[in-house]
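What follows is a set of notes on a single structure, which appears directly below.
Numbers for residues simply follow the sequence, beginning at 1. Since this is a predicted model, take the numbers as computed values, not measurements.
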Amino acid sequence: MGAMTTTRTLGTTSALTVSELGLGCMGMSEFYGTADEQTALDTIHRALDLGVTFLDTADMYGPFTNEQLVGRAIAGRRDEVQLATKFGNERNPDGSWVRINGTPEYVRSACDASLQRLGVDHIDLYYQHRVDKSVPIEETVGAMAELVEAGKVRHLGLSEAGAETIRRAHGVHPITALQSEYSLFTRDLEDAVLPVLRELGIGLVPYSPLGRGLLTGAVTADSLESDDSRATGRFPRFEGEALDANLALVARIRELAGQHGCTPGQLALAWVLAQGDDVVPIPGTKRVAYLEENLGATDVTLSDEDLAALEDAVPRDAVVGDRYGDMSTIDA
């Protein structure tokens, strides 16, 4: 498999050029079953070798261990990487939840801690992971802007922010990208958020572009490990009748994928990539084989007719279940 050379640019006022596909590193440390450090390091190294240079982590993953893992993986290769991390989901070292924290003091301390764990002198893209509704977004982004002035951070991002929040944030300092869930199974941001991103020249970084694995066709009613967060009720789409209904949609995607000579996951990723050259999905994986499969999506070309057939097979509102059991942290 040859290296991917295609890039995309996130943001216009504060532009960051990244690989066309990124790599979400979260599952290497937590949430999706057992983790194996060497396998994870191998996957990141293979990603870099294949030209997937946009790496995504967050301080809360682990907590704290995922940044350390990514830092070890990129040691000696920092200049190849566009490194994104996040703050705002405050957790204790034992993993317990504290709160969503967007206070200026926390912004500063969280950034310094992330730089230390990652072993780098700057972060390419620093996101507020969730909007702290108790702190004006102007205050949070103001503190983030100071990090840019100090040279600790190059570009700023938001995650799961609503249209009005994005507009207010961008008024303080250019926002380069919004990272939010977006896939064939999750399209609600098309209504209010995507138009604002396009108006302001802000890129979109879809996480869970494969529906937390559902769209790959690899998930079945009994395929998840007991310690996998998808098996614990955190994600209603993976439960009971909802899962059955959603797997029926995946079967339709599999059928269309067969016509394109690709896997269901590749077709689903190709759909996301086709939504605009300001869109850079970050499918997460902890295995080289899945990384390589995901990269194959960049070779799948979809015509307008293909896209229409896919959206016809998976109507926007056909998915059963909320994307999170608790939607209260999502800024609408």
Report task. Apply side chain to side chain contact (heavy atoms under 4.5 Å, CB included) to the pair Asp331 and Gln128, showing each step before the final yes or no. Result -> CA-CA 12 Å; Asp331 181 48; Gln128 181 185 25; over 6 Å; no

Report task. Please round to the nearest 0.5 Å and tell me the distance separating atom CD1 of Ile137 and atom OG1 of Thr140. Result -> 5.0 Å

Query raised in the report: Is the Tyr126 ring parallel, tilted or perpendicular to the Phe87 ring (thresholds 30°, 60°)?
Result: tilted

Query raised in the report: Is the backbone of Glu160 close enough, under 3.5 Å, to the side chain of Ser180 for a donor and an acceptor to pair up by distance?
Result: yes

Requested in this report: Check whether any side-chain N or O of Asn246 sits under 3.5 Å from a backbone N or O of Val320 as a donor-acceptor pair, and report yes or no.
Outcome: yes

Query - Asn66 side chain vs Cys25 backbone, donor-acceptor pair below 3.5 Å - result: yes

Query raised in the report: Could Glu138 and Arg168 be called an ion pair, given the rule that one side-chain N must be under 4.0 Å from one carboxylate O?
Result: yes

Query raised in the report: Passes side-chain hydrogen bond (donor to acceptor under 3.5 Å, both in side chains), Ser109 versus Asp112? Steps please.
Result: CA-CA 5 Å; Ser109 64; Asp112 287 341; over 6 Å; no

Query raised in the report: Just checking, Arg212 and Tyr324: is the charged tip under 6.0 Å from the six-membered ring centre and within 45° of the axis?
Result: yes

**Report entry** Atom CZ of Arg154: over 12 foreign heavy atoms under 6.0 Å
**Finding:** no

Query raised in the report: Which is it for Phe54 and Val205 under the side chain to side chain contact (heavy atoms under 4.5 Å, CB included) test, yes or no, and what are the steps along the way?
Result: CA-CA 11 Å; Phe54 183 36; Val205 177; 4.1 Å; yes

Donor-acceptor contacts under 3.5 Å from residues 10-18 side chains, at least two apart:
| from | atom 1 | to | atom 2 | distance (Å) |
| --- | --- | --- | --- | --- |
| Thr12 | OG1 | Gly201 | O | 3.2 |
| Ser14 | OG | His155 | ND1 | 2.8 |
| Ser14 | OG | Thr176 | OG1 | 3.3 |
| Thr17 | OG1 | Thr9 | OG1 | 3.2 |

Requested in this report: Decide if atom OH of Tyr290 counts as having more than 12 heavy atoms of other residues, nucleotides or ligands within a radius under 6.0 Å.
Outcome: no

Requested in this report: Could you tell me whether the side chain of Arg237 and the main chain of Gly321 form a donor-acceptor pair under 3.5 Å?
Outcome: yes

Query raised in the report: Of Leu184, Thr285, Val272, Asn294, which is the lone residue that meets side-chain contact (heavy atoms from CB on, under 4.5 Å) with Leu210?
Result: Asn294

Report task. Could you tell me whether the side chains of Thr39 and Asp42 share a donor-acceptor contact shorter than 3.5 Å? Result -> no

Query raised in the report: Between the side chain of Lys86 and the main-chain N/O of Thr57, is any donor-acceptor distance below 3.5 Å?
Result: yes

Query - Residue Glu255 excluded, over 12 heavy atoms near CD under 6.0 Å - result: no

Requested in this report: Could you tell me whether Gln116 atom CD has more than 12 heavy atoms of other residues or ligands within 6.0 Å of it?
Outcome: no

Report task. Mark yes when over 12 heavy atoms from residues, nucleotides or ligands other than Glu105 sit less than 6.0 Å from its CD; otherwise mark no. Result -> yes

Report task. Answer with yes or no whether the hydrophobic clustering places Ile44 together with Phe64; edges join I, L, V, M, F, W, Y residues whose side-chain heavy atoms lie under 4.5 Å apart. Result -> no

Query raised in the report: Ignoring hydrogens and geometry, is there a side-chain-to-backbone donor-acceptor pair from Asn92 to Asp94 under 3.5 Å?
Result: no

**Report entry** Glu67 side chain to Ser114 side chain, donor-acceptor N/O pair below 3.5 angstrom
**Finding:** yes

Query raised in the report: Hey, mind stepping through Leu243 and Leu214 against side chain to side chain contact (heavy atoms under 4.5 Å, CB included) and telling me if it holds?
Result: CA-CA 9 Å; Leu243 181 61; Leu214 256 183; 3.7 Å; yes

Query raised in the report: Going through the distances and angles, do Leu83 and Arg78 end up as a side chain to side chain contact (heavy atoms under 4.5 Å, CB included)?
Result: CA-CA 9 Å; Leu83 182 59; Arg78 174 68 184 95; 4.0 Å; yes

**Report entry** Side-chain (Asp132) to main-chain (Gly102) donor-acceptor, under 3.5 angstrom
**Finding:** yes

Requested in this report: Report yes or no: do Thr298 and Glu20 form a side-chain donor-acceptor pair below 3.5 Å?
Outcome: no

Requested in this report: Answer yes or no: is there an ion pair linking Arg252 with Asp312, defined by an N-O contact shorter than 4.0 Å?
Outcome: no

